[in-house]
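For reference, the structure discussed in these notes is given below.
Chain letters run A, B, ... following the sequence lines, proteins first and then strands; every chain starts at 1. Note: hydrogens, waters and symmetry copies are ignored here, and every other heavy atom, side chains too, is used.
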2 protein chains.
Amino acid sequence: MRATIKDVSRVAGVSVATVSNVLNSPDIVAEQTHDRVMAVIEQLGYKPNRAARALQQQRTFSIGYQMPRETDGFALDVFLHRVVERAEEADLAIVLFAPRPGQDQVDAYREMIRRGAVDGFVISATGHGDDRIEHLLEAGFPFVTFGRTDFSGDHAWVDVDGCAGADLATAHLLDRGHREIAFIGWPEGSITGDERSSGYRRALADRGVSVRPELVVRTENGVEPGSTAMQQLLDLENPPTAVVAVQDLLALGAMNAIRERGLTIGRDMAVVGFDDIPSAALASPALSSIRQPMDRVGELVVEMLVEELDEDSVGTARTGILTPELVVRASSGPDGGSTR
Amino acid sequence: MRATIKDVSRVAGVSVATVSNVLNSPDIVAEQTHDRVMAVIEQLGYKPNRAARALQQQRTFSIGYQMPRETDGFALDVFLHRVVERAEEADLAIVLFAPRPGQDQVDAYREMIRRGAVDGFVISATGHGDDRIEHLLEAGFPFVTFGRTDFSGDHAWVDVDGCAGADLATAHLLDRGHREIAFIGWPEGSITGDERSSGYRRALADRGVSVRPELVVRTENGVEPGSTAMQQLLDLENPPTAVVAVQDLLALGAMNAIRERGLTIGRDMAVVGFDDIPSAALASPALSSIRQPMDRVGELVVEMLVEELDEDSVGTARTGILTPELVVRASSGPDGGSTR
DNA sequence: TTCTCCGATTAAAACGTTTCAGACAGTACC
DNA sequence: GGTACTGTCTGAAACGTTTTAATCGGAGAA
């Protein structure tokens, strides 16, 4: 059926070892032989069998990725697409897995390792108290995370600078003349949320604007919570003129609340969100937001893992911090001169 | 490092063949032996090596899925999550791949087959003139598609009944008393689009409402086209009182146009979309839409492929048609009595 | 001439499974 | 006591690679 190395060797009149060498150590084989074998390989459409290679080399040429259950605000499609593309370049396959119903998350990883299914992992949806990280670290198994963890110092990770993102959003509003800028955040304690809220404060501090504590509202993610939070802000004696939300869903909720009060978004109240989920562009008015370079994240995550695998120097703790970008749309008001 | 079958056999004091039998043909081994070996397997945390198994059995226990480039209106995350879960149950891994830059789509499939990387494919984003299908058919390689193709009679596929969906949407509006119902569709020629538009006509015909040709507008997908189409409909001498869109993006665009005319969505003009993209629920007012059971699709696709692989009876041409469901939200008007 | 070295090639082992053909001991049957 | 099973277990081959060590012919050095 499929051509094997044996077929190639027979047709080319050389040993299988030579064929293997042509592919893996082209320098040690005579040029003439090389060309002849190459021609046969081409002609037969030969591709080395993955399983055989994996068995012999004791590496699988594939990396595992746990399919996330929820993907709120996470552009899985673009992330994963780039991950796959980049992995392909390094001759690696992406293998998806998920804990079986009732199976512990960590167990799923353990199983993948035990059956020698992957050489390493790409991990997303990290956070405080993530037991996967701890387990992989003590197992000494290669992995790279998207997002920081409790053990960020000990492993490779890629993250988007949430602080810079929130700073960007806030500065944008300051540029447009706003001084009373509110922040709808998550409860303290999440890595991502705390980062972003610090960016808000930094931007204000940089411009010498003092933070009014009552302008910072913390709530869980979602449209409804965003709406409630905004109502609360609007009920203040001295309400803000602009608001930055830690996530687009909250921003969309805030927009609803603003609209319900008969105010015009962008004119009476400027809004900027975070994550640039697809619905941000589709909202009306369209929501200004902070876009994370998810394709770059995917790319970088794989590149780091490849390095780790090549040198198998676990524990070098490479890190990559990417800068998000501000996407200005109608919700942050009529375009003042400065769109940067 | 990892325990192998040899380790187990040594510790349990039996041959490797017996260990293998314990796992694969438990019936032919004495109960006592079985239990003893099982205990050792447990104790050592032994899991059969994937590569070794694949090499010996000449099947890979994995199925390939080409990462789609664009995912408009396709809930990749929920589809893929269920696919992975269901595959796991059948002891199959999902391997992602994508054509390398410059590489032909079909070539990517061919390469996967040649290197014996997968036992079969799950394919989405099908349509007229899809050369992947043709190639796989003549290669006699197992696969199941989500969506019909030019060769639907010759292979297994799963699809959502778009006709029933559009019927549901249209009937819903008829139930609410609308008689002048417009349809914003795609240009004729796409399998999915034509199906859905026929559902619109069927619903009207079933209730004895005649189709006014000028109420059917065809345009490409997207928010802007939807807006333009709606403007066109509103400019009619005798404009519709409700509109069904073949896709949510078009519906969202239509909503923008309606709003811009100073009309109130749901009261002056009812709107129903299709696909129930995340933005539908987030729009304001929230958009009524037709939801496709993507989790069921994923499930079914895998189940069919598993059957195909087991019996290796390619060409049985199993088919599965799933019925979508109507999600009623504010855009289709105040709730009249009948929400079904 | 003989020895050594070198470049090119290859035979064979190994990776961890599954499976086929036997082996082996006991049991039932004639 | 031999034959034929039967139930359990095992040795060895095979799957398609890579890799190590060995072979081999020829060229250069002594």
Contacts of type salt bridge (Lys or Arg N to Asp or Glu O under 4.0 Å), residue [X], not counting sequence neighbours:
| X | answer |
| --- | --- |
| B:Glu88 | none |
| B:Asp159 | B:Arg148 |
| B:Asp131 | none |
| A:Arg115 | A:Glu111 |

Look only at the side chain of [X] and the backbone of [Y], and say whether a donor-acceptor pair between them is shorter than 3.5 Å.
| X | Y | answer |
| --- | --- | --- |
| A:Asp150 | A:Gly129 | yes |
| B:Asp7 | B:Thr4 | yes |
| B:Asn24 | B:Ser20 | yes |
| A:Thr71 | A:Phe74 | no |

**Study point:** Sidechain N-carboxylate O distance under 4.0 Å for A:Arg100, B:Glu89
**Key:** no
**Study point:** Members of residues 109-117 of chain A that approach DNA chain D, where some heavy atom sits under 4.0 Å away
**Key:** none
Point to revise | Those residues of residues 25-44 of chain B lying under 4.0 Å from DNA chain D by at least one heavy atom | key: B:Val29, B:Ala30, B:Thr33
Check your understanding: Would the number of heavy atoms belonging to other residues, nucleotides or ligands and lying under 6.0 Å from CZ of B:Arg69 be above 12?
Key -> no
Review point. Counting only heavy atoms not in B:Gln105, do more than 12 sit closer than 6.0 Å to its CD atom?
Key: yes
Check your understanding: Counting only side-chain N and O atoms of A:Thr18, is one of them less than 4.0 Å from OP1 or OP2 of C:dT10?
Key -> yes
Practice item. Tell me, with the steps shown, if A:Glu134 and A:Thr149 meet side-chain contact (heavy atoms from CB on, under 4.5 Å). Key: CA-CA 10 Å; A:Glu134 201 172 348; A:Thr149 73; over 6 Å; no
Point to revise | Terminal axis angle for the helix from C:dT1-D:dA30 to C:dC30-D:dG1, five pairs an end, nearest 10 degrees | key: 70°
Tabulate below the donor-acceptor pairs under 3.5 Å that side-chain atoms of residues 37-51 of chain A make, not counting sequence neighbours, or state none.
residue: A:Asn49; atom: OD1; partner: A:Ala51; partner atom: N; Å: 2.8
residue: A:Asn49; atom: OD1; partner: A:Ala52; partner atom: N; Å: 2.9

Could you pull out every donor-acceptor pair under 3.5 Å between side chains of residues 291-305 of chain A and any protein atom, sequence neighbours left out?
residue: A:Arg291; atom: NE; partner: A:Asp276; partner atom: OD2; Å: 3.0
residue: A:Arg291; atom: NH2; partner: A:Asp276; partner atom: OD2; Å: 3.2
residue: A:Gln292; atom: NE2; partner: A:Asp275; partner atom: OD1; Å: 2.8
residue: A:Arg296; atom: NH1; partner: A:Glu299; partner atom: OE2; Å: 2.5
residue: A:Glu299; atom: OE1; partner: A:Arg82; partner atom: NE; Å: 2.6
residue: A:Glu299; atom: OE1; partner: A:Arg82; partner atom: NH2; Å: 3.0
residue: A:Glu303; atom: OE2; partner: A:Arg86; partner atom: NE; Å: 3.0

Study note, to complete from the structure: Sorted by chain and number, sequence neighbours left out, side-chain hydrogen bond (donor to acceptor under 3.5 Å, both in side chains) with B:Tyr109 holds for B:Gln66, B:Arg132
Using the 3.5 Å cut-off, write out each protein N or O paired with an N or O of nucleotides 15-17 of chain D and the distance between them.
residue: D:dC15; atom: O2; partner: B:Gln56; partner atom: N; Å: 3.3
residue: D:dG16; atom: OP1; partner: B:Gln58; partner atom: NE2; Å: 3.3
residue: D:dG16; atom: N2; partner: A:Ala52; partner atom: O; Å: 3.4
residue: D:dT17; atom: OP1; partner: A:Tyr46; partner atom: OH; Å: 3.2
residue: D:dT17; atom: OP1; partner: A:Asn49; partner atom: N; Å: 3.2
residue: D:dT17; atom: OP2; partner: A:Ile5; partner atom: N; Å: 2.6
residue: D:dT17; atom: O5'; partner: A:Tyr46; partner atom: OH; Å: 3.0

Exercise for review: Starting at the 5' end of nucleotides 20-27 of chain C, put B wherever the base has a protein heavy atom under 4.0 Å, S where only the sugar-phosphate does, and a dash everywhere else.
Suggested key: --------
